[in-house]
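Hydrogens, waters and symmetry mates play no part in the numbers below; they use all other heavy atoms, side chains included.
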Amino acid sequence: MKLKITRTLLITTLMAMAGTATQAATVTVTQLDDIDDFGGSRMIADLPGPDGLVSMREAVVAVNNTSGEHQIEFAIPVDPEDPSETMLRIDGPAFVVTRDNTTIDFLSQAAFIGEPDPDGPGLGILNTHPSYVGQPAILINASDTEVRGLGQTQFRQSISVVGGSGNRFVRNFTNSIELSPGSGSTTSGNIIGGIGVDDGNEIDSVSITCGANDNIVIGKVLESVGVAGSPSCAEGTRFPTGNWIGGPTPAERNVINDFSGTNGVGCPEGVGIDIQWARQTTIEGNYIGLSSDGLSKQNAGRTGINLIESDDTVIQGNVIAGIRRSGVSGCADQLFGTAIFVSAFSRPTDGLIIEENIIGLDANGEQAIATLEGIEILPQPEPVLNVLITNNTISQADRFGTLLEGSAVSAVEISENSISGNGERGIVISGGANGSPSIPGLDSGFSSTSGTTVSGQLPQVPKSQFRIEVFANQECDASGFGEGETFLGSFIAEPDASGNAVLNETVPGQTPEGWVVTATATNLSTNSTSEFSACAAVDSGAPVIFTDRFSQPTKTLNH
C-alpha cells in the first residue's frame, strides 16, 4: 500500500507543478564556452566576470552559492548556419547543481533566437575534454530541481541524480537520465516525464540504480529503461524499491522501442525494460516494441521485459509485440525474441503479477505483430515462485504462449487469460515446473442457454481443492491440446479417496457452435496451474457473443 500512496502523492504534486508559474530569480547564460572568470563571493550578484559574459558553469556556481529559488535561462547569440554553434561546451567536470529549487530551461535559447519550434529540442552539450568522455554533463545533488529541454550530449552522458528528492525532468531530447546516488546515498520521488502535453521526453535510456526509490518514469518515448540494484551496493540500498515505469492513463504511457542491437557473433540483443535486483517495481500501461500509436512494430530487440532476481513486481496493462529478430553471421538462420522473460541466477525471484497485458497483437488487440515467444519463466538455477498470470491476451506468437521450465519454478498460477493462435501450445510446462501438475481430461461438453457443461476427470492428484477453468476455442491446437481463447468460467473440484476428481459441472459462458473446449487445473493449496487439457467437442446451439473477459475481478498475489 505504501507504494501506491507514494505514487499518488507524486502525481498530485506533478499536476500542481504543471499549473503553477515558477517564481524564481533568473540567471541568463550568454556564451557557449566553458569559462569561469568571475570572483567575489561567487554569488549571482557577482556576475558577470571580466569578460562581461555568463557561462553555464558560472551560472551553476552562482546559483549554488545564492539562497532562494533560481532559474537558469539561455540567451546566446549564435550563427544558425553553424551546427557547432547550437551546443554548450563542457571542458571539465560536470555542471554540479547543489541548490534546491533550481530550474534549468534549455528551451529558452530556442525562444531567444526565434526558433520556429520553441518546444525543443533546446541546447545540447558538447564535451571538449577527452578525460571526461562518458561522464555525466549535468550532476544533480539537490531537491525539487527541474531540467527542461536539454538536447543531445556528445561524448558524455547527459544527466545523473546522485542525491536529493523530488526532481523533475521534462521535454528533454537527450541521451540519458540516470538516478544513481551510489556510496550508500539515496534519491527518491523523482519524476522523469510528465502528464502535460509538452512534458514528455525523448531519451535514449533511463537508468535507476541502488538507492533510487519511489521514482516515476512516464509519458515519453525512449529506447530502454533499466532498474538495477546490486549485491555490491551498501546495505539498505541494494534493491531499488517502489519505482514505476508508466501508469494507468494514456498520458502516463511510455513508448519504448528502437532497443535493438547485435552482439559480436551476430545474435540479436537489446531489452526494452530490464529489471534486476529490484523490489516493488510496477511496469504499467506502456507500448513496448511498438510505434507511438501501438499499431506497428518499431525496431525491437531480443526481449521486451527482462526480470531477474527481483521481488514483488507488477507488469500490468502493457502492449508488448514485435519482439522477433533474425540472427546473422554466427547466429544466422536462428530466431530470437521473448515478450516477457523471467529468471533468477544468484537469488530467487519471488512475487510477480503479470496482468491485463496484450502480447503479440497491436494496441487494439486485433492485428498480429510478429512476436516469437510470449512469457518464459526459466530459473538458472535459483527459484522463481509466487507468480500470478491473469487476464492477459497472449496471441499469435510463433512459438509458445507461456513456458514454465525446470523444477525451480513453483506456485505459478495461470488464470482467466485469453491464449490463442500461438504456433505451439498455449501453456508448456516442462522439467518438473509447478510440480508437474496433472492435466484435466475432458470427455465431452454441452452448451445451452444456462452455460457450458463439461465432463471428465482430474487423475492422480493430491488431497486438495482444485479450481478447474474452462475455455472455448474456435479450433484445437495442432497438438490436440488446446489453448484458451475465451474464458467461460470455473468450478471447484476435489479428489475422492482414490486420488481422482470427477468433473461434471456447468460454467456460465456459452460455447459457439463448432467450437471446442479445454480446461486447466490449479491446485489451490500450492497455486500451481497445469497445461491446457486436450480439446473436447461441444454439442452446442447457436453462436453467442462473449462478454468482456476483463470484467473479471482482479486477483491479488498471496505469499
Side-chain angles (χ1 to χ4, degrees), residues 1-7 208 210 212-215 225-231 236-248 273-286 303-318 320 338-357 374-392 402-417 429 433-435 437 467 522-529 553-559:
M1 183 61 68
K2 173 182 179 295
L3 175 63
K4 293 186 181 296
I5 291 174
T6 300
R7 183 180 184 284
I208 300 172
C210 295
N213 305 320
D214 297 319
N215 303 289
V225 179
V227 180
S230 170
T237 67
R238 292 172 180 168
F239 296 89
T241 301
N243 295 291
W244 284 71
I245 303 168
I273 299 178
D274 193 12
I275 312 295
Q276 302 191 37
W277 273 75
R279 289 177 174 156
Q280 298 176 16
T281 307
T282 298
I283 304 167
E284 183 175 17
N286 305 287
T303 309
I305 298 175
N306 187 59
L307 181 68
I308 308 292
E309 299 162 350
S310 297
D311 302 332
D312 301 323
T313 306
V314 176
I315 302 173
Q316 182 177 36
N318 305 280
I320 311 169
T338 305
I340 300 175
F341 179 78
V342 183
S343 191
F345 297 96
S346 62
R347 65 177 302 277
T349 291
D350 187 355
L352 168 62
I353 297 176
I354 302 175
E355 180 177 39
E356 295 184 0
N357 303 282
I375 300 170
E376 181 176 5
I377 299 178
L378 176 63
Q380 303 181 62
E382 291 291 323
V384 175
L385 64 159
N386 297 313
V387 178
L388 174 62
I389 302 173
T390 184
N391 279 307
N392 302 281
T402 297
L403 170 65
L404 315 181
E405 189 169 356
S407 59
V409 180
S410 64
V412 178
E413 181 179 357
I414 305 172
S415 177
E416 300 183 17
N417 301 283
I429 298 176
N434 252 8
R467 184 180 66 249
T522 299
N523 186 329
L524 297 184
S525 66
T526 64
N527 290 326
S528 298
T529 300
T554 298
K555 290 181 168 57
T556 57
L557 186 65
N558 297 313
H559 72 93

How far apart are the closest heavy atoms of [X] and [Y], and which atoms are they?
X	Y	answer
Leu403	Glu405	CD2-OE1, 3.6 Å
Ala344	Pro383	CB-O, 3.7 Å
Ala408	Pro379	CB-CB, 3.7 Å
Gly304	Ile320	CA-CG2, 4.3 Å
Asn318	Glu284	OD1-C, 3.4 Å
Glu309	Thr349	N-OG1, 2.8 Å

Can you tell me how far apart [atom1] ([X]) and [atom2] ([Y]) are? Round to the nearest 0.5 Å.
X	Y	atom1	atom2	value
Thr529	Leu388	OG1	CG	8.5 Å
Ile377	Leu404	CD1	CG	5.0 Å
Ser230	Arg238	OG	CZ	8.5 Å
Thr281	Ile245	OG1	CD1	6.5 Å
Ile375	Ile354	CD1	CD1	4.5 Å
Ser415	Asn391	OG	CG	7.0 Å

Are the side chains of [X] and [Y] in touch, meaning some heavy atoms are under 4.5 Å apart?
X	Y	answer
Asn306	Ile273	no
Leu378	Val342	no
Val227	Trp277	no
Phe341	Ile305	no
Leu352	Leu307	yes
Ser410	Thr526	no
Asn357	Ile315	yes

| side chain to side chain contact (heavy atoms under 4.5 Å, CB included) with Ser407: which residues, sequence neighbours excluded? | none

Is there a donor-acceptor contact under 3.5 Å from the side chain of [X] to the main chain of [Y]?
X	Y	value
Asp350	Pro348	no
Asn213	Gly242	no
Asn434	Val412	yes
Ser310	Ala278	yes
Asn523	Ser528	no

| Single hit among Asp214, Asn215, Thr282 for side-chain hydrogen bond (donor to acceptor under 3.5 Å, both in side chains) with Asn243 | Asn215

| request: Could you walk me through whether Ile283 and Ile275 pass side chain to side chain contact (heavy atoms under 4.5 Å, CB included), step by step? | output: CA-CA 10 Å; Ile283 304 167; Ile275 312 295; 3.9 Å; yes

| task | Decide, yes or no, whether a salt bridge links Glu413 with Arg467 under the criterion of side-chain N to carboxylate O below 4.0 Å. | result | yes

| request: Using only heavy-atom distances, determine whether the side chains of Gln316 and Glu356 contain a donor-acceptor pair under 3.5 Å. | output: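 Side chains of Gln316 and Glu356: no pair found under 3.5 Å.
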
| request: Give the intermediate values and the outcome of side-chain hydrogen bond (donor to acceptor under 3.5 Å, both in side chains) for residues Asp274 and Gln276. | output: CA-CA 7 Å; Asp274 193 12; Gln276 302 191 37; 3.1 Å; yes

| field | Listed partners of Asp311 passing salt bridge (charged side-chain N to carboxylate O under 4.0 Å, His left out), at least two apart | value | Arg279, Arg347

